[in-house]
Amino acid sequence: MVWTRQAVFTVDGQGFDQYEEYRLARITSDEASAIKIDTEEARHGHRWWTIEELATTSETVRPKKMASLLADVLTTSAHSLAPRDLGRVNEDTDPE
């Protein structure tokens, strides 16, 4: 696990307050090519992103600063990596 956070948001007028954990899996490009994604969660599409793509996309990405957070994780020794708590975030009102 690399990040945790508490996210507050609304969908169709319904409020949600959820605990989230973000995890990182390191795989090769050959492994990524061989993975078949056909779960219900991927019904709207699936793709692999580069850090540069995450930093410049107009798509919704959570956590919002994932590109810079991911860059930090990838340059940190795996042995010294402890989960980082990103705090409580209100997705409806927090700008970033």
Side-chain angles (χ1 to χ4, degrees):
M1 178 174 16
V2 292
W3 310 302
T4 62
R5 73 178 192 157
Q6 192 72 28
V8 177
F9 58 95
T10 58
V11 175
D12 296 332
Q14 174 69 40
F16 296 88
D17 184 345
Q18 69 185 21
Y19 172 77
E20 299 174 343
E21 295 179 351
Y22 292 83
R23 298 169 186 273
L24 175 67
R26 294 177 191 238
I27 61 174
T28 67
S29 59
D30 288 339
E31 290 169 327
S33 297
I35 294 173
K36 182 178 179 186
I37 305 293
D38 60 359
T39 63
E40 179 66 20
E41 293 86 8
R43 69 183 176 272
H44 299 293
H46 169 269
R47 65 178 289 231
W48 297 100
W49 296 74
T50 65
I51 292 176
E52 293 78 21
E53 290 170 331
L54 288 169
T56 59
T57 186
S58 60
E59 298 285 330
T60 301
V61 177
R62 299 288 190 261
K64 292 180 181 177
K65 295 181 182 179
M66 184 180 288
S68 63
L69 291 167
L70 187 56
D72 290 344
V73 168
L74 293 175
T75 59
T76 303
S77 168
H79 300 292
S80 64
L81 192 62
R84 177 176 169 195
D85 182 18
L86 302 178
R88 184 176 174 86
V89 178
N90 186 322
E91 291 289 349
D92 296 335
T93 60
D94 292 347
E96 291 189 36

Tell me whether [Y] is reachable from [X] by hopping between hydrophobic residues (I, L, V, M, F, W, Y) whose side-chain heavy atoms are closer than 4.5 Å.
X     : Y     : answer
Val61 : Val8  : no
Leu54 : Leu24 : yes
Leu70 : Val2  : yes

Could you list the residues that satisfy side-chain hydrogen bond (donor to acceptor under 3.5 Å, both in side chains) with [X], not counting sequence neighbours?
X     : answer
Thr56 : none
Thr10 : Asp92
Gln6  : Asp17
Glu21 : Tyr19, Arg23

query = Considering residues, nucleotides and ligands other than Arg5, do more than 12 of their heavy atoms fall under 6.0 Å from its CZ?
reply =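 Check passes, neighbour count above 12.
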ask   = Quick one: NZ on Lys64 to CG on Leu86, what's the gap to the nearest 0.5 Å?
value =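 Answer for the NZ-CG pair, Lys64 versus Leu86, is 13.0 Å.
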ask   = Please walk me through it: do Trp3 and Glu20 pass side chain to side chain contact (heavy atoms under 4.5 Å, CB included)?
value = CA-CA 8 Å; Trp3 310 302; Glu20 299 174 343; over 6 Å; no
For the residue pair [X] and [Y], what are the closest heavy atoms and their distance?
X     : Y     : result
Pro83 : Met1  : CG-O, 3.7 Å
Arg88 : Asp94 : O-OD2, 4.5 Å
Val73 : Arg26 : O-NH2, 3.8 Å
Leu69 : Pro63 : CD1-CG, 3.8 Å

Which residues satisfy the side chain to side chain contact (heavy atoms under 4.5 Å, CB included) test with [X], sequence neighbours excluded?
X     : answer
Gln14 : Phe16
Glu59 : Trp49, Thr57
Ala25 : none
Thr50 : Glu52, Glu53

inquiry  = salt bridge (Lys or Arg N to Asp or Glu O under 4.0 Å), that's the test. Do Glu91 and Arg62 meet it? Break it down for me.
reply    = CA-CA 9 Å; Glu91 291 289 349; Arg62 299 288 190 261; 2.8 Å; yes
